[in-house]
Amino acid sequence: MILQMGWRNIWRNKRRTAVILVAVIIGVWAMIFMGALMRGIADQMVKNSIATLTGHIQLQDAAFRNDPVIEHFLKAPDKLAPVLGRLPADARWTQRIRVNAVAANARHSDGVVLAGIDPGREAKISFIGDAVYQGRYLGEDDLNGIIVGRALLEKFETRLGHKLVLMSQGADGEIASRAFRIVGVFRAELQSTEKQFVFVTLPAAQQMLKTGDEVSEIAILLGNYRDAAAVANSIRAGITDQTVTVYTWQQLLPLVSSIMKMYDGFILVWFIVVFIAMGFGLVNTILMAVFERVREFGLLRSLGMKPRLVVAEVLAESFFLLAIGTLVGNLLGLASVWLLSGSGIDLSAFAQGMEFAGMSRIIIPVVYVRDVVSADLTVFLLGLLISLYPAVKAARFTPVEAMAHT
Amino acid sequence: MLSMVNFILHTWFFSGVSFAFYFILHTCLYAEHKMNIVECRDVKKVYHQGHLAVTALDGITLAIEQGGFVALAGPSGSGKTTLLNIIGGLDRADEGSVTLDGNALGEMSEAMLAELRLRKVGFVFQSFNLIPVLSAVENVEFGMLLQGVPAAERRQRAWAMLDDVGLAGLYHRRPSELSGGQQQRVAVARAIVSDPAIVLADEPTANLDSATGKGLLELMLRMNETKKATFIFSTHDKMVMDFARRLVMLRDGKVVEDTRK
């Protein structure tokens, strides 16, 4: 009957109940939706970073990470074939060369990252596989073709079919240079990626740099990024060559890992801010409801109702408000995320500013179950906790004082 | 002997043993000695309003026998509601002692008083008598719910009680859907349904027309006779005074007349 009384009491003043319900619903919706947007931004950053020639795991020479020069390439990548053969069935891998170089044409020159890739394998691992929108992708035996980014093409005022000269340090210590013909243009999520990378085939890069069959890294993409640490450990266990080091994406992208953790903090702060705003409204509403019914609480106490049951009755009212608000807020929040899950939110107009922060132009919200559960628990448990204040007030009315109240 | 038993029982009570067992045993032990359901000895109560002290009760000594139908009458400010509140355990005396069915109210904690009100006292107030969100039958059930009476039993007893007070068929009406007289009948049903030792009614007819008030008094008198419940009213309604079998007149916090009919 206490629950029944709580339920009926909240509908005694429908307008007030509607107002506080809207506040709770908006609060929960904001927690879930904004949380999903933040997760979407962070997820997209991770995906972009992993797709931009990182992968989930990389095998490199032990010295390459601190000093990424040609002398620190993997010396005998073929010896790693047995280890790569034992990767999970849904894992894919490729080997590549990645060195700093200078690109030049008749009008411009600029620093770029020369990526020598295995076209077939690379297409299944990094963004370049489906990023070419003009011209064609690289063929397996293409020794002269080069793919550049749209932004670089515009910057160099060049076009498909024109030549681009690349210069870098060769394995012999001398300047190595080679002219390539632009066969394709790619576009990427970030403009900086379009300016940064140029792609040639692995044999072409090896010939230019005179590295033989050496590569700078072997990149692995897993079916599930959460398996990275476990797979990396099993690879480490299978490698006897001490010069080879295995890195997970968290180690390769420490900044992104930090940002992910930072977003956890952002979301928590966001939850608390929303809850504080909502909590004041909730306490105010319950307090109003309590002070409007002082005589009624006096009657209940006169009839022998114990203070703890009065507390329970007021908390029951709060419980129903929070339960309805949380339920509807969840449904609205998840529906909003679902509506945007296809197209996302296009923030191209702010692309440059967003790139600076490493964000994508289109944000697709992502719901983490733990965020929804955290939002619900925050609203529900803290809501009940702060409702204790008006509930205890109601329980402290003495029967005589309350019955004399006008 | 009785004070020794009382001491043991109170020690047991404070040790956390069930309130219900305490009251049952207490009632059994006092059954033989129980002639007066209420005993007030030199009860004083002073209210402080700022620097002003208002004496509400000024040395009231009064005994009310079990099964009585007693009216406490007097002008406004005479102390009748204060006395009723103190007898019902809603308020405490500043001085003197009050016992209700053998329980010394001055020695009881707030929790014990709440339990006493629940099990031994039925209240009928002048207004704001019923819980507005509960139906008539739920209002009657409410006290039994707090007492832990099983749902089926309390529903059956509540229906029977409502039938008894002439409200058959109105079980599921909310207070706002009942007339003032019907609401007071529900309040009487709620007060009497748990077979309390005493029913305290604070100006029960004040908001009713005379015909409805008379009907309510007849009902309470019938309950007094059939259920053997003690009724104490505070009133300044002539009709209530006429119905009462004993009339205690108060003035300035003192008993000025005590008439038995």
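In this text the structure is predicted, and so the values were computed from the model without any measurement. Residue numbering restarts at 1 for every chain, and letters A, B, ... go by the order of the sequence lines. No hydrogens, no waters, no symmetry mates; every other heavy atom, side chains included, goes into these values.
- In this structure, CZ on B:F142 lies 5.5 Å from CD1 on A:I2, to the nearest 0.5 angstrom.
- No more than 12 heavy-atom neighbours from other residues, nucleotides or ligands sit within 6.0 angstrom of CZ on A:F280.
- Within a 6.0 Å sphere centred on CD of B:E153, heavy atoms belonging to other residues, nucleotides or ligands number more than 12.
- The CG atom of A:L309 lies 8.0 Å from the CG atom of B:L145; values are rounded to the nearest 0.5 Å.
- Atom CD of B:E110 sits about 8.0 Å away from atom OG1 of A:T398, to the nearest 0.5 Å.
- With a 4.5 Å cut-off on non-hydrogen atoms, A:R293 does not touch chain B at all.
- Nearest heavy atom pair, residue A:R8 against residue B:L134, reads NH1-CA, 3.7 Å.
- The shortest distance between side-chain heavy atoms of B:R117 and A:P399 falls below 4.5 Å.
- Counted within 6.0 Å of CG on B:D94, heavy atoms from surrounding residues, nucleotides or ligands total more than 12; the atom is thus considered enclosed.
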Practice prompt. For the pair A:Q4 and B:V133, evaluate side-chain contact (heavy atoms from CB on, under 4.5 Å) and give the outcome as yes or no after the intermediate values.
Written response: CA-CA 9 Å; A:Q4 210 170 25; B:V133 292; over 6 Å; no
Practice prompt. Take A:M5 and B:E138 through the test side-chain contact (heavy atoms from CB on, under 4.5 Å) and record every step on the way to the result.
Written response: CA-CA 10 Å; A:M5 283 172 69; B:E138 287 166 342; over 6 Å; no
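- Looking only at heavy-atom pairs under 4.5 Å with chain A, the residue among B:P132, B:A151, B:G143 that has the most is B:P132.
- Smallest separation of non-hydrogen atoms from B:L146 and A:L303: CD1-O, 4.2 Å.
- The local environment of CZ in A:R12 is crowded, with over 12 non-hydrogen atoms from other residues, nucleotides or ligands closer than 6.0 Å.
- Heavy atoms closer than 4.5 Å to chain A are found in the side chain of B:R174, but not in its backbone.
- If you run side chain to side chain contact (heavy atoms under 4.5 Å, CB included) between A:S302 and each of B:L118, B:L90, B:N85, only B:L90 comes through.
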